[in-house]
Amino acid sequence: MASITSVRLARLLGSWRHGGPAYAELAERLRLLSIDGRLPDGTRLPAERDLALTLGLSRTTVAAAYGRLRDLGALMSVRGSGSYVALPGGPALPAPDASGFLDLTKAAMPAAGVVEECYGRAAAQIGAELGGSGYELLGLPRLRVAVAEHFTRRGAATDPEQVLITTGVQHGLSLLARALVSPGDRAAVEQPTYPHAMDTLLAAKARLVGIPVSPDGWDLEAAEEAFAAASPTVAYVMPDFQNPTGASLAPEGRERLARLAERHGTLLVADETTALLDIRRGPLAPLAAWSPTSVTLGGLSKLAWGGLRIGWIRAPRSVLARLAQARPALDLGTPVFEQLVAAELLAREDLLVAERRTRLAAGLDALTGALAEGFPEWRVTEPDGGMAVWADCSPLSSSRLVVAAHARRVALTAGPRFGFDGAFEHRLRLPFTASPDDLSDAVAALRAASTSWSAGPADAPLITV
Ligand SMILES: Cc1ncc(COP(=O)(O)O)c(C=O)c1O
């Protein structure tokens with residue numbers, strides 16, 4: 001089982017004191033870290049005395065916090081062995097998909113209108129596939145052709161042999177990490193970034209290096225410094241409607257990033273999960289058009305439906321061969337039926353883009369309107385597309401807001417989940433994928449949550465390490 005040192009836990013805790021009883025606030029923050037995955041199930045926490053020393057608290061306070069978590073079923077202590085995080089199961093925190101819960105932890109939409117029709121079309125085609133073995137390690141040839149055309153149309157000429165079909169983008173990421181990242185490798189990721197990409201790279205034992213990004217764009221000077229200092233093996237970026245900031249990298253930025261990666265021999269990995277969720281930006285060619293050696297991850301989860309579980313990897317042939325070789329240890333291919341559905345969907349890409357644009361534009365309007373009314377003091381930059389706003393909720397603590405909103409049956413992800421080492425405590429990702437009514441209700445619940453406790457003293461770091 002993994003364990004966490006008291007110094008690292010202190011960083012993850014960030015500024016957690018808000019003027020209430022210290023043991024209760026410490027327990028609350030530890031619980032949030034466990035719920036949102038920053039403290040994985042089964043992680044061994046530091047001994048009470050160590051954590052007390054690092055946080056400048058009495059041992060009794062830490063013992064009381066651990067005791068509270070034990071009472072909630074969120075911590076298991078084994079005599080002589082330590083205290084382990086246990087995932088919530090108790091009544092205190094119902095799962096966000098329980099009825100009456102508004103789940104804004106997922107930036108995802110119901111299936112687009114044309115999805116059902118495409119399932120029907122695939123059903124009429126599956127018979128012709130049943131005579132084969134059904135094992136397609138690289139993907140159905142028909143879908144590989146459709147994906148290659150998708151890239152070529154968008155400005156990155158692609159051969160079907162450069163395409164591997166995956167079971168969703170997350171699966172593609174796991175395959176990449178397994179095949180191309182070795183323990184101790186440096187991996188550059190945007191800060192903030194998509195949390196499960198960080199999880200995947202950390203699971204491959206990579207050491208993360210940050211590339212700062214905000215709704216105003218990428219800090220490429222900082223990226224250059226980070227690359228010079230660390231020479232990362234891979235750099236994972238989202239050039240279009242970055243999750244969570246919504247920022248897009250301009251063509252000059254794509255060129256600069258491509259050359260930077262080239263100079264350092266870094267494998268550039270572009271995640272295009274959100275690339276076609278344009279509201280008012282207009283199309284931009286994929287990063288691959290600037291960097292022929294880069295790898296692109298894409299899929300249909302956001303454009304069509306997450307339940308389809310179809311993604312793809314576009315890569316130079318030599319990289320694709322390594323991925324194909326590594327794949328059987330993970331799985332032996334993606335379901336054929338869903339690949340047929342995906343090929344039908346890609347033939348209707350324009351329709352999907354237009355439908356998502358309409359829904360997302362309405363959601364963005366509803367959310368920013370409700371925020372302007374409910375939280376006029378927050379800084380909210382409207383993105384040109386994507387699925388979420390990355391609100392600056394200063395001086396409120398994002399983690400505290402998330403806990404208070406949970407009590408009002410709104411589930412959200414706290415800002416620090418998108419970073420490493422406790423950053424982004426004053427940032428909140430708010431997806432606008434829900435219906436306008438639900439979004440207004442969610443902001444009203446947040447407003448009520450934020451007024452039911454005082455913001456507390458200014459957030460100052462407790463320790464400097
Ligand atoms: C940036 C990014 N990459 C990957 C994924 C996972 O995609 P999939 O559902 O295709 O596995 C998501 C899902 O939200 C995402 O936002």
Side-chain angles (χ1 to χ4, degrees), residues 36-37 96-97 103-112 115 139 143 147 150 163-178 187-203 211 213 215 218 234-249 268-278 286-287 295-314 327 330-331 334-335 338-339 341-342 345-346 352 356 360 363 383 385-390 411-413 415 417-419 429-434:
D36 72 15
D97 54 1
D103 184 4
L104 300 188
T105 58
K106 295 185 190 70
M109 291 168 276
V115 171
L143 182 56
V147 172
H150 157 90
V163 175
L164 180 146
I165 304 302
T166 64
T167 313
V169 173
Q170 184 61 39
H171 171 247
L173 252 169
S174 303
L175 180 56
L176 265 179
R178 174 181 280 254
V189 295
E190 290 146 336
Q191 280 297 279
T193 188
Y194 167 58
H196 299 311
M198 279 191 295
D199 296 345
T200 305
L201 291 165
L202 288 172
I211 303 173
V213 57
W218 279 251
V234 293
Y236 166 84
V237 294
M238 288 165 275
D240 301 275
F241 315 119
Q242 200 257 1
N243 184 5
T245 62
S248 283
L249 191 57
L268 203 47
V269 177
D271 181 338
E272 289 200 336
T273 301
T274 55
L276 298 189
L277 302 179
D278 186 12
L287 188 59
V295 172
T296 310
L297 298 163
L300 287 170
S301 294
K302 307 299 174 181
L303 195 61
W305 189 40
L308 189 64
R309 309 307 311 138
I310 289 288
W312 49 75
I313 300 177
R314 176 201 186 274
R327 183 168 186 170
L330 203 60
D331 74 330
T334 295
E338 275 68 18
Q339 296 191 66
V341 180
L345 284 164
L346 277 176
L352 290 166
R356 287 326 201 192
L360 290 168
M387 299 175 294
V389 299
W390 183 235
L412 281 160
T413 311
R417 180 67 179 102
F418 298 86
R429 185 188 77 154
L430 291 158
F432 46 84
T433 44

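Each ligand, and each atom within it, is numbered from 1 in the order the structure gives. Scope of the values below: all heavy atoms of this structure, side chains included, with no hydrogens, waters or symmetry mates.
- Taking both residues in full, the closest heavy atoms of Arg327 and Leu175 are given as CA-CD1, 3.7 Å, listed atom of the first, atom of the second, then distance.
- Distances shorter than 4.0 angstrom occur between a heavy atom of Asn243 and an atom of ligand 1.
- Annotation: Val169 places an N or O atom under 3.5 Å from an N or O atom of ligand 1; distance criterion only.
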Between Met198 and Gln191, is the side chain to side chain contact (heavy atoms under 4.5 Å, CB included) condition met? List the steps.
CA-CA 10 Å; Met198 279 191 295; Gln191 280 297 279; 4.0 Å; yes
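- A donor-acceptor pair shorter than 3.5 Å cannot be found between the side chains of Thr105 and Thr413.
- Near Arg309, with a cut-off below 4.0 Å to any heavy atom, the atoms of ligand 1 are 8 (P), 9 (O), 11 (O).
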Start with the C-alpha gap between Glu190 and Asp271, add the side-chain angles, then the distance that decides, and say whether side chain to side chain contact (heavy atoms under 4.5 Å, CB included) holds.
CA-CA 12 Å; Glu190 290 146 336; Asp271 181 338; over 6 Å; no
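- Neither the backbone nor the side chain of His196 has a heavy atom within less than 4.0 Å of ligand 1.
- Atoms of ligand 1 found under 4.0 Å from any heavy atom of Met238, numbered from 1 in the order shown, are 1 (C).
- Remark: ligand 1 atoms within the under-4.0 Å shell around heavy atoms of Gly168 are 10 (O), 11 (O).
- Looking only at atom types and distance, the side chain of Thr200 has a donor-acceptor partner in the side chain of Gln170 under 3.5 Å away.
- For Gln170, a nitrogen or oxygen atom sits less than 3.5 Å from a nitrogen or oxygen atom of ligand 1, counting backbone and side chain alike.
- Proximity of Lys106 to ligand 1 is not established, as no heavy-atom distance is less than 4.0 Å.
- Of the protein's non-hydrogen atoms, Asp271 OD2, 2.6 Å is the one closest to atom 3 (N) of ligand 1.
- Between His171 atom NE2 and Asp331 atom CG the span is 3.5 Å, to the nearest 0.5 Å.
- Atoms CD1 and CG, from Ile310 and Leu303 in turn, are 13.5 Å apart once rounded to the nearest 0.5 Å.
- The two residues Met238 and Trp218 have their closest heavy-atom pair at O-CZ2, 3.3 Å.
- Of the candidates Leu297, Thr193, Thr274, Thr273, Thr273 brings a heavy atom nearest to atom 4 (C) of ligand 1.
- An N or O contact shorter than 3.5 Å is missing between Tyr194 and ligand 1 by distance.
- Using 4.0 Å as the threshold, His171 has no heavy atom nearer than that to any atom of ligand 1.
- Each of Ile211, Val213, Thr193, Val189 was scored for a side chain to side chain contact (heavy atoms under 4.5 Å, CB included) with Val237, with one residue passing: Ile211.
- Ranking the protein heavy atoms by distance from atom 14 (O) of ligand 1 puts Lys302 NZ, 2.8 Å first.
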